[in-house]
2 protein chains.
Amino acid sequence: MEQDDIFKALADPTRRRIFDKLSAGAMNASALRDGIAISQPAMSQHLSVLRGAGLVREERQGRYVNYEVNPDGLAEIALWLGKYRAYWPARIDALRALLKEMDQ
Amino acid sequence: MEQDDIFKALADPTRRRIFDKLSAGAMNASALRDGIAISQPAMSQHLSVLRGAGLVREERQGRYVNYEVNPDGLAEIALWLGKYRAYWPARIDALRALLKEMDQ
DNA sequence: CAATCACATAAGTATATGCTTATGTGATTC
DNA sequence: GAATCACATAAGCATATACTTATGTGATTG
């Protein structure tokens with residue numbers, strides 16, 4: 001789970017879409033497929049990349065494998081972003097609002 | 001300047017390094033090269049990608065071209081990250097501290 | 001226990017990407 | 001104004017990547 005793996009994983013729009021869908025709630029690989037035009041092996045490969053990056057984690061449940069967002073991956077991005085906080089104030093009102101929300 | 005361009009730009013470790021170096025202060029392409037083993041055209045191409053992603057902006061100064069961090073790109077990542085704030089609390093103490101800092 | 005299901009892995013292929021060398025371009029300098 | 005400097009662009013090439021079809025694997029089902 002390095003920054004390189006994380007950014008490479010998120011560089012693919014399909015993987016960002018999968019991640020986004022997962023963020024709405026844990027789901028197995030088949031459920032993830034509907035609504036996205038993608039073959040079963042392709043989905044499996046994408047999930048493997050997301051997992052390797054630490055953005056997602058899996059749990060076997062019978063013959064299904066349940067996937068969920070792994071907060072560690074997001075935290076890693078937040079830390080990367082944090083390095084450049086000197087440049088945030090110029091345009092960061094939206095984020096600031098989100099953070100206020102977090103404090104509640 | 002779309003999310004796709006931004007994540008693709010940051011997926012390359014050399015470009016992240018260039019961006020990181022730029023974040024310490026504006027610099028021209030030649031100055032960016034020292035300390036990084038990279039040819040002149042390669043640097044030019046990387047800067048072009050970073051610029052296309054809105055992570056960096058340039059300004060001609062005589063025969064030099066000065067590059068600097070473009071906060072818009074960072075803001076875009078912050079917004080992307082913000083969508084998943086539901087997953088932050090698990091590990092986000094460090095970011096929270098950074099944000100407190102920002103409010104001052 | 002044979003069939004099926006949910007998913008992973010293998011192997012091949014087409015495109016994308018990051019580099020190289022060569023050349024172009026606008027600006028300064030002698 | 002010819003040479004040089006700082007950088008961009010072009011073209012070619014090697015590797016990476018995202019997909020495909022085919023097959024493997026562990027678990028449930030009839």
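Atoms considered below: every heavy atom in the structure, side chains included; atoms not considered: hydrogens, waters and symmetry mates. Residue numbers begin at 1 in each chain, while the letters A, B, ... track the order of the sequences.
In the hydrophobic clustering of this structure, A:Leu10 groups with A:Met43; members are Ile, Leu, Val, Met, Phe, Trp, Tyr whose side-chain heavy atoms approach within less than 4.5 Å, directly or through other members.
Within the 4.0 angstrom heavy-atom criterion, no nucleotide atom of any strand lies near A:Arg33. Residue B:Arg51 is out of contact with every strand shown, counting any heavy-atom pair closer than 4.0 Å.
Residue B:Tyr67 is the one, among B:Tyr67 and A:Ser39, whose nearest nucleotide of DNA chain D lies closer to the 5' end (criterion: closest heavy atom). Toward the 5' end of DNA chain C, the nearer of the two residues A:Leu47 and B:His46, judged by each one's closest nucleotide, is A:Leu47. Positionally, the nearest nucleotide of DNA chain D for B:Glu58 lies more toward the 5' end than for the other of B:Glu58 and A:Gln61.
For the pair A:Ser44 (side chain) and A:Pro41 (backbone), a donor-acceptor distance under 3.5 Å is absent. In this structure a side-chain-to-backbone donor-acceptor pair under 3.5 Å is missing from B:Asn70 to B:Gly73.
In A:Arg57, the CZ atom is crowded: over 12 heavy atoms of neighbouring residues, nucleotides or ligands sit closer than 6.0 Å. Surrounding CZ of B:Arg51 are at most 12 heavy atoms belonging to other residues, nucleotides or ligands under 6.0 Å away.
Along DNA chain C, the stretch of nucleotides lying under 4.0 Å from any heavy atom of chain B spans, 5' to 3', C:dT17 to C:dT29.
One interatomic measurement links the two molecules: CD of A:Glu59 to C1' of D:dA27, which rounds to 16 Å at whole-angstrom precision. One can place CG of A:Asp4 at 14 Å from C1' of D:dT17, the figure rounded to the nearest angstrom.
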Passes side-chain contact (heavy atoms from CB on, under 4.5 Å), B:Asn28 versus B:Tyr67? Steps please.
CA-CA 6 Å; B:Asn28 61 55; B:Tyr67 286 90; 5.7 Å; no

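In this structure, the nucleotide among D:dA10, D:dC19, D:dT17 sitting nearest to the side chain of B:Pro41 is D:dA10.
For A:Gln45 against D:dT20, a side-chain-to-base donor-acceptor contact under 3.5 Å is present.
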